[in-house]
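Read through the structure below, which is laid out as structure tokens, and then see the notes.
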Amino acid sequence: MHIDNNILNRYLQGTCSTEEQQLVEQWYAQLGDDVLLDEYRVEQIVAKLDARVPLEEVEEPVADKKVRKLTPWLYAAAAAAVLFVFGLFFFQPDQVADPALVDVMAPKGENSILVFEDNRELELDNLKIGDTVMGDGYLVTRNADGEIGYTATDPEVDVIYNTVRTKAGGITSLVLADGSKVWLNSKSEIRYPVNFNPNYREVALKGEAYFEVEKAAERPFYVRSEGHTVKVLGTRFNVNNRPDGFMSTLLEGRIAVTNETTKLGDEANIPYPVVLKPNEAFDGRQVTYVEDAQKVLDWKEGYFDLTGLTMEEAAEKMSIWYDVEFEMDGDIENMELFGNISKDKSLRQVCELLKEILPVTYVIEDNKVKLKHLKK
């Protein structure tokens with residue numbers, strides 16, 4: 001039994017008649033029930049065509065690969081996709097890709113760089129668990145939890161600074177000399193001493209980071225950033241200082257903040273007029289109460305928390321992760337969103353979800369996402 005390719009295409013697009021649907025299913029029934037297709041190949045084809053095909057995953061040992069079994073209508077859809085792609089490659093060689101099908105995949109790996117004191121650079125994705133790199137009087141290792149840590153081999157060495165930079169889609173974590181932990185968000189930078197001064201601890205931050213600082217009342221901890229300095233004794237907090245604004249949010253303990261810029265090594269005794277308590281945030285102008293301070297750590301936990309955000313605010317978050325710019329009609333900017341989206345999704349998958357909750361269309365083109373308002 002043979003099926004006309006046009007019928008298969010209509011079946012895939014959901015535009016076939018009842019008779020054509022029955023014909024396709026009868027055609028598949030003759031192929032047998034044990035057809036297994038390689039997962040990667042099927043997903044490549046379906047993704048290119050934007051076919052919304054929900055695959056049912058099953059664990060079956062076929063050449064040591066995970067495969068997916070397709071129900072009859074799913075197999076027909078995949079087969080139609082194969083035929084359609086075949087036609088694109090052989091009969092339309094000059095066809096330009098439809099901008100609606102362009103995608104930006106979710107970043108993989110750490111996408112972070114460690115810069116040593118002599119400006120040598122190490123891609124942190126190349127530093128595996130248990131690996132060690134030697135510096136000038138110290139060792140850099142990746143521990144069992146995947147964190148970057150330091151071990152001093154020469155405690156008499158002068159103060160040495162290292163820097164970690166994250167690219168778009170990069171997140172990394174490190175353990176500082178005193179045991180304090182830092183998680184660095186995408187497109188951010190932290191500079192820190194390999195060994196802290198005996199009187200105080202300090203780091204310089206550009207971008208966003210979450211800190212869990214070891215308590216040491218006699219050795220305050222300073223987070224120095226452009227236009228703001230945070231003074232800490234021992235606590236959990238998030239600092240976000242990007243060109244579009246500053247926000248420090250306290251989850252536990254107590255921190256003090258000033259709107260003065262201080263530099264690494266600066267021991268000046270300056271006042272810190274703003275003191276935050278847990279579930280409070282400071283944006284450089286005023287202190288506000290945050291009902292759920294944990295929400296600011298969505299970037300660290302692997303998802304976008306969009307609840308209560310405007311489309312413009314959500315776009316700022318996503319642009320940092322996917323390294324794209326958003327352009328949107330003015331009346332879209334203030335549309336309010338609700339819900340969470342996994343950061344493992346591709347940019348187009350995210351845009352499809354936005355289409356389901358907002359009256360918008362989108363095009364991804366030249367590292368830009370253009371959102372248009374669908375007006376009635």
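Fair warning: this is a prediction, and the values are worked out from it, not measured in the lab.
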State, without any angle test, whether [X] and [Y] hold a side-chain donor-acceptor pair at a distance under 3.5 Å.
X	Y	value
E352	Y362	yes
R191	T163	yes
Y200	E218	no
Y192	Y150	yes
Y303	E301	no
E147	S173	no
N367	Y322	no
N238	E208	yes
T141	T132	no

Assess whether a salt bridge exists between [X] and [Y], defined as any Lys/Arg side-chain N lying under 4.0 Å from an Asp/Glu carboxylate O.
X	Y	value
R142	D131	no
R120	D118	yes
E202	R224	yes
D283	R285	yes
E123	K167	yes
K187	D323	yes

Taking the side chain as every heavy atom from C-beta outward, state whether [X] and [Y] have any atom pair closer than 4.5 Å.
X	Y	value
L122	I113	no
V159	N195	no
F211	F221	yes
V115	V164	no
T151	Y138	no
N185	I171	yes
N162	F116	yes
I160	D136	yes

Do the side chains of [X] and [Y] join up, straight or via other hydrophobic residues, at under 4.5 Å, putting them in one cluster?
X	Y	value
M328	I364	yes
L306	I320	no
L251	L233	no
Y222	I270	yes
V350	V324	yes

Requested in this report: Indicate the atoms forming the closest heavy-atom contact of S180 with E214, along with that distance.
Outcome: OG-N, 2.9 Å
Query - N111 to G170 - nearest heavy-atom pair and separation - result: CB-CA, 3.6 Å
Query raised in the report: Cation-pi between K317 and W299: NZ/CZ under 6.0 Å from ring centre and within 45° of the ring axis?
Result: no
Query raised in the report: Going through the distances and angles, do V175 and N143 end up as a side-chain contact (heavy atoms from CB on, under 4.5 Å)?
Result: CA-CA 10 Å; V175 181; N143 65 27; 4.2 Å; yes
Just checking [X]: does its [atom1] atom have more than 12 heavy atoms from other residues, nucleotides or ligands closer to it than 6.0 angstrom?
X	atom1	answer
K295	NZ	yes
K300	NZ	yes
D158	CG	no

Query raised in the report: Would a distance-only check, ignoring hydrogens and angles, find a side-chain to backbone donor-acceptor pair under 3.5 Å from E313 to T310?
Result: yes
Requested in this report: In sequence, state the C-alpha distance, the side-chain angles, and the governing distance for T229 and V257, and then conclude on side-chain contact (heavy atoms from CB on, under 4.5 Å).
Outcome: CA-CA 6 Å; T229 304; V257 187; over 6 Å; no
Query raised in the report: Where does the angle between the aromatic ring planes of H228 and F246 fall among parallel (under 30°), tilted (30 to 60°) and perpendicular (over 60°)?
Result: parallel
**Report entry** Candidate pair T172 and T166, rule side-chain hydrogen bond (donor to acceptor under 3.5 Å, both in side chains), full reasoning
**Finding:** CA-CA 7 Å; T172 195; T166 52; over 6 Å; no
